[in-house]
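Taking it in order: structure first as C-alpha cells, then the write-up.
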Amino acid sequence: MKKDVIVRFAPSPTGYLHIGGARTAIFNWLFAQKTGGKLILRIEDTDAQRSTEESIKGIIEGLNWLGITWDEGPYFQTQFINEHHAAAKKLLDSGHAYKCFCSKEELESKRAAALKQKKDVKYDGACRRLTKDEIAEKEARGLPYTLRMKVPNKEGSVSFEDIVYGKIDHKYQDIEDFVIVRSNGQPLYLLSNTVDDIRDRITHVIRGQDGLSNTHRQILIYQALGAPVPQFAHMSLTLDPKKAKISKRKHGELVAVHFYKEHGFLPWAFLNFLVLLGWATPESREIFSKEELIEAFSLEGIGRANSIFNVNKDDPKYFTDPKAVSINAHYLRTMPVDLIAPFVRTELKKAGIWDPEYDAGKRPWFLDTIELIRSRFHLTTDFATRGRAYFSNDFAIEDRALKKNIVKHPQLEQWLPMLADRLEKIAEFTAPETEAVIREMAQALDVKPGVLINGIRTAVTGQLAGPGIFDILTTIGQRRVVDRLRNAPALFKKHW
RNA sequence: GGUCCCAUCGUCUAGCGGUCAGGACGCCGGCCUCUCACGCCGGUAACGCGGGUUCGAACCCCGCUGGGAUCACCA
C-alpha cells in the first residue's frame, strides 16, 4: 500500500509571515496538492518569551491571503509538551541519552577557549563518562542537569538522501552530544520538533536549507525512538542583494507578506513570483494558474543554489524586486476584470473615493473603466493614484503634464473652454462623435490635433499620458469632461 | 575555526558530454500611435579560476577562490 503524503508547515510565531516562511509554506502546500496528500499547520510556540498571539494571527492571515489552505491544524506545540517529556524519558531509560551536570558557565568557558584556539567547539562528553555513583552523588547534591543525546561513539556516519541535495553524510565523530532537555526540564526544539513530526506521521519534511545541518541530529532521535525517518527536501534560501539571508531584523517590512498585500500585489501574482525563487520547470515557464502550478510542481525542480530577492530600497522606480512587479502587472492586465474589481474596490475605499454604485448600477461602467486603464498599471494601488481622475473629481495635475501639455500652448486657455462648449452640444457622447468634434476644431484652428488632444488629456485626467483620448472622454463622461475643460483656464493661473 | 551546502547574463533561471549556451525580468532601439502603456520585432549581457578525464566539456573528477548555512540549556 502506498503511503499517503503528509507534510507540515511549522512556523514559530515570533513575528509576521515573511518571504522565507511563505516560500516554505507554498512548497509544502504545492507538494500536498500535487500528491493528494495532507498539509498540517503546526505552530511551534514553545518559546513563550517570543511567541505572541498577534503573530499567530498574522501568520494565518498571511497564509489566507496567499490562498494557502491546510487540512489539519493549527496545532500548537505547547499542547504536546507531555509527549516531549515522555520521549525524553524514553531516551534516558533506553540509554540513548544521559544526564549532564556541567554548568552553563563551565561550558561557556570551554567553548570560548576552543574558539580561541580555533579548535572545534564540541562538547567534550565529560558527563557521559560519569559512573553510577558519581551520578547518584551529584543528584543527591541537587545539582541541576540537562539531557544529552548519546551520539554513537564509533566509526561510521549518519547519512540520508535529501531530495534536493542528494546524499548527505555526517561522521558520528563530528556530531557532539547535543542537549535535548534543558536543566529546567524544558525540551528543546530538536526533540519537540522530531516528536511532533513522528506523531503527525510526517512523510516529507520540506524546509529551508538552514535545517540541513540539524537533520543528522534529528535522524539520531528518530532512530533512538525507533520511529521511521521521513524524507527530507531542503530548499535553497532567499538572500538579499548583498547575499545576506533575508531577515525581519535587517529588512523589516520589505520582507513581510503583508507589506505586499498593502502595496498593491495580487496574492496569486505574489505567490507566482515567490515560487519562482528557487524553483523552475525544465521549460523555465513563468506564469501559472493555480491548477497549472500544481500540475507542474515537483520537488526535483527545487534549485540548490540560494537565490536573491532583488530588493533595492533606494530604487525610485522599483520599491521591490522588478520581476515581482512585472508578474503582478501581468496578472493585473490579463486576469478577468471581474476578478480584479474587488481589489480595486479595496483601494478606492482606502482612498475614500469608493461609490457603492460601482457594485450596483454603475458596475458595467466600473468594469469598463478598469479594463481601459489597467494595462499601464503595475499595482492595484495605481487605481487610486494614477487612476484617480476616473473615480473622483479631486485629482492632482502632474507637474510635467501641466508644463508640456498645457502651459506650453497658451492658447489652450481659450481653446479648452471652446471645446467644452462644443462637446457639451454633442447629443450622443461617443468616441466617434467626440473625435469628429475635436479634429474639426483642430482643423479650423489650424493646429495639430495632438495639441488639443494632449491638452484635453491633462485637463481631464491630470496626466501626461494615458489611454486613447476618445475612450477617456466617453469613460469620464460628458458632464465631467465639460466641467473639467471649462475650469481649465485655472490651470494657467496656477502657473504664471 | 569545525562540519555541511552551493557556484550559468545585473536578477530569476533552462541546460543533465557535441547547443550560435535557451527563456524571463531589467535596460537599449524599432514598429504601432493623439501620448503612455500593452502587443510585436530586434539588441545588450553569463558558464568564477586552475588542473585533469575525454575525440569533445557549462555539464564528470581534483584543487583553489568566492558565497551561504550551522556549530545555544532559540525555534
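Side chains included, hydrogens not; waters and symmetry mates left out as well; all remaining heavy atoms used. Note on naming: letters A, B, ... go to the chains in the order of the sequence lines (proteins, then strands), and numbering restarts at 1 for each one.
Distances from the side chain of I453(A) to the nucleotides C34(B), C6(B), U3(B) place C34(B) closest. Closest to the T146(A) side chain, of the nucleotides C73(B), C34(B), U3(B), is C73(B). In this structure, the nucleotide among C73(B), A69(B), C34(B) sitting nearest to the side chain of R182(A) is C73(B). Distances from the side chain of L237(A) to the nucleotides A75(B), A69(B), C34(B) place A69(B) closest. Closest to the side chain of K243(A), from the set G67(B), C25(B), C36(B), is G67(B). Closest to the side chain of D210(A), from the set G26(B), U70(B), A37(B), is U70(B). Of the listed nucleotides (G1(B), U70(B), C34(B)), U70(B) has the atom at the smallest distance from the side chain of K245(A). Distance from the side chain of N454(A) is smallest for C34(B) among the nucleotides G39(B), C73(B), C34(B). Comparing C73(B), U70(B), G26(B) by their nearest atom to the side chain of Y318(A) picks out G26(B).
Ring-plane geometry between F288(A) and W279(A) is classed as tilted, the angle between the planes lying from 30 to 60 degrees on a 0 to 90 degree scale. Using cut-offs of 30° and 60° on the angle between ring planes, the pair H263(A) and F319(A) is tilted.
K248(A) forms a cation-pi arrangement with Y16(A), by the criterion of a distance under 6.0 Å to the ring centre and an angle within 45° of the ring axis. Geometrically, R374(A) does not engage F383(A) in a cation-pi contact defined by less than 6.0 Å to the ring centre and at most 45° from the axis. Remark: R217(A) is positioned above the aromatic ring of F178(A), its terminal NZ or CZ atom under 6.0 angstrom from the ring centre and at most 45 degrees off the axis. In this structure, R42(A) forms no cation-pi arrangement with F9(A), as its terminal cationic atom is not both closer than 6.0 Å to the ring centre and no more than 45° off the ring axis.
Salt bridge absent: K150(A) and D177(A) never bring a charged side-chain N and a carboxylate O closer than 4.0 Å.
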query: Going 5' to 3' along nucleotides 12-20 of chain B, which nucleotides have protein heavy atoms under 4.0 Å from the base (write B), which only from the sugar-phosphate (write S), and which from neither (write -)?
result: BSS------
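Between H216(A) and F160(A), a ring centre-to-centre spacing not shorter than 6.0 Å is recorded.
Rounded to a whole angstrom, the distance from the P atom of C16(B) to that of C71(B) is 37 Å. Here the separation of C49(B) from G66(B), taken at their C1' atoms, is 10 Å to the nearest Å. Across A58(B) and U3(B), the matching P atoms stand 32 Å from one another, rounded to whole Å. Using C1' as the reference atom, U33(B) and C40(B) are 14 Å apart when rounded to the nearest Å.
Between the side chain of R374(A) and the base of C38(B), no donor-acceptor pair under 3.5 Å is found. Contact annotation: side chain of R50(A) to base of C74(B), donor-acceptor pair present below 3.5 Å. For C73(B), its base sits under 3.5 Å from the side chain of S183(A) at one donor and acceptor pair at least. No donor-acceptor contact under 3.5 Å links the side chain of S12(A) to the base of A75(B).
Residue contacts shown for P144(A) are absent, as no nucleic acid heavy atom lies under 4.0 Å away. Within 4.0 Å (heavy atoms only), K404(A) reaches no atom of the nucleic acid at all. Among the atoms of the strands shown, only primed sugar atoms or phosphate atoms (P, OP1, OP2) are found under 4.0 Å from some heavy atom of R333(A). Note on R439(A): only backbone sugar-phosphate atoms sit closer than 4.0 angstrom, heavy atoms only; bases stay farther off. In this structure, T14(A) reaches neither bases nor backbone, as no heavy-atom distance under 4.0 Å exists between it and the strands shown. No engagement by Q463(A) is indicated, since no non-hydrogen atom pair under 4.0 Å with the nucleic acid exists. D169(A) comes within contact range of the sugar-phosphate backbone alone, with a heavy-atom separation under 4.0 Å but no base atom that close.
Nucleotide C4(B) forms a pair with G68(B), judged by Watson-Crick or G-U wobble geometry with both contacts under 3.5 Å. Across every strand in view, C32(B) sits unpaired, with no contact that passes the Watson-Crick or G-U test at under 3.5 angstrom. Nucleotide C49(B) forms a pair with G63(B), judged by Watson-Crick or G-U wobble geometry with both contacts under 3.5 Å. Pairing of G10(B), defined by two Watson-Crick or G-U wobble distances under 3.5 Å, is identified with C25(B).
Atom CZ in F232(A) sits about 17 Å away from atom P in U70(B), given to the nearest Å.
Each of H170(A) and R217(A) has a nearest nucleotide on RNA chain B; the 5'-most of these lies closest to H170(A). Heavy-atom distances to RNA chain B give each of S326(A) and E176(A) a nearest nucleotide, and the one nearer the 5′ end belongs to S326(A).
In this structure, a donor-acceptor pair under 3.5 Å is absent between the side chains of N272(A) and H330(A).
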